[in-house]
Amino acid sequence: GIILIFFALYNINSQLNVLGFPSLNDLKASQTTQNLQLKNNYQPTENEQVINVLATEFEYILDGENTYQAEKPTKLIVQNKDAFGCAVALMVSGLMDDYHLLETGENVIDLGEPKAGTYKITCSMGMVQPISITFE
């Protein structure tokens, strides 16, 4: 019975991540962000902002800061380096209507002009540790 309760809580937590609601993952003290300085081929226009993410194995790593300007055209650039499982189906609840299947290499995803708020980048099942990004 305890194992069933554990799996139920795990699945509920995953779905909270997919839907962009607060979850147990938000209690984690450190955010998965690094200064990777990813190289990409995408050249943003003068008024665009770019969010760089590395998708590797079963993890998403944010390259740089996690706070961006609201109401400004935004592109999400994902470098897929051997992501597998549901990690290849990236989801940003509130900014994307559906998941985006990542191809190997560089993926450019148009997020439009996000409204102010905090959004989670995770896989389509919510099992990959989410990355929170904030638009102010």
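These numbers were taken from a predicted model, which means no experiment stands behind them.
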For residues T118 and S132, is any side-chain donor paired with an opposing acceptor at under 3.5 Å? no
Flag side-chain contact, heavy atom, 4.5 Å: I61 against T56: yes
Heavy-atom pair of closest approach, residues A70 and A116: CB-N, 3.7 Å
Check whether F84 and L102 end up in the same hydrophobic cluster, where Ile, Leu, Val, Met, Phe, Trp and Tyr are linked by side-chain heavy atoms less than 4.5 Å apart. yes
Do the side chain of Y68 and the main chain of E65 share a donor and acceptor less than 3.5 angstrom apart? yes
Are any non-hydrogen side-chain atoms of M96 and Y119 less than 4.5 angstrom apart? no
So, for S14 and M125, which heavy atoms are closest and what is the spacing to 0.1 Å? CB-O, 3.3 Å
Check whether any side-chain heavy atom of K81 sits under 4.5 Å from a side-chain heavy atom of L54, and report yes or no. yes
Any side-chain heavy-atom pair of T74 and F135 under 4.5 Å: yes
Considering all heavy atoms, the nearest M127-T122 contact: N-OG1, 4.3 Å
For N17, does its backbone N or O pair with a side-chain atom of S23 as donor and acceptor, under 3.5 Å? no
Taking M91 as the starting point, is it possible to reach V128 by hopping between hydrophobic residues whose side chains are less than 4.5 Å apart? no
Please name the pair of heavy atoms, one in Q69 and one in Q49, separated by the smallest distance, quoted to 0.1 Å. O-NE2, 2.6 Å
How far apart are the closest heavy atoms of I131 and L62, and which atoms are they? CD1-N, 3.6 Å
Would a 4.5 Å heavy-atom cut-off, applied to side chains only, mark I121 and L76 as touching? yes
Same apolar cluster (I L V M F W Y, side chains within < 4.5 Å links), L90/V50: no
Is a side-chain N or O of D63 found less than 3.5 angstrom from the main chain of N52, in a donor-acceptor match? no
How far apart are the closest heavy atoms of S93 and L19, and which atoms are they? OG-O, 3.0 Å
Under 3.5 Å: donor-acceptor pair, side chain of N107, backbone of G105: yes
Quick check against the 3.5 Å criterion: does Y60 have a side-chain atom that pairs as donor or acceptor with the backbone of A87? yes
Identify whether L16 and V18 are in the same connected component of the hydrophobic contact network (ILVMFWY, side-chain heavy atoms under 4.5 Å). no
Does E106 reach the main-chain N or O of N41 with its side chain, forming a donor-acceptor pair under 3.5 Å? yes
More than 12 heavy atoms from other groups under 6.0 Å of OH on Y99: no
Does NZ in K115 sit with more than 12 non-hydrogen atoms of other residues, nucleotides or ligands closer than 6.0 Å? no
Could you check whether atom CG of N11 has more than 12 heavy atoms from other residues, nucleotides or ligands sitting under 6.0 Å from it? yes
Pair Q15-Y10, side-chain donor/acceptor within less than 3.5 Å: no
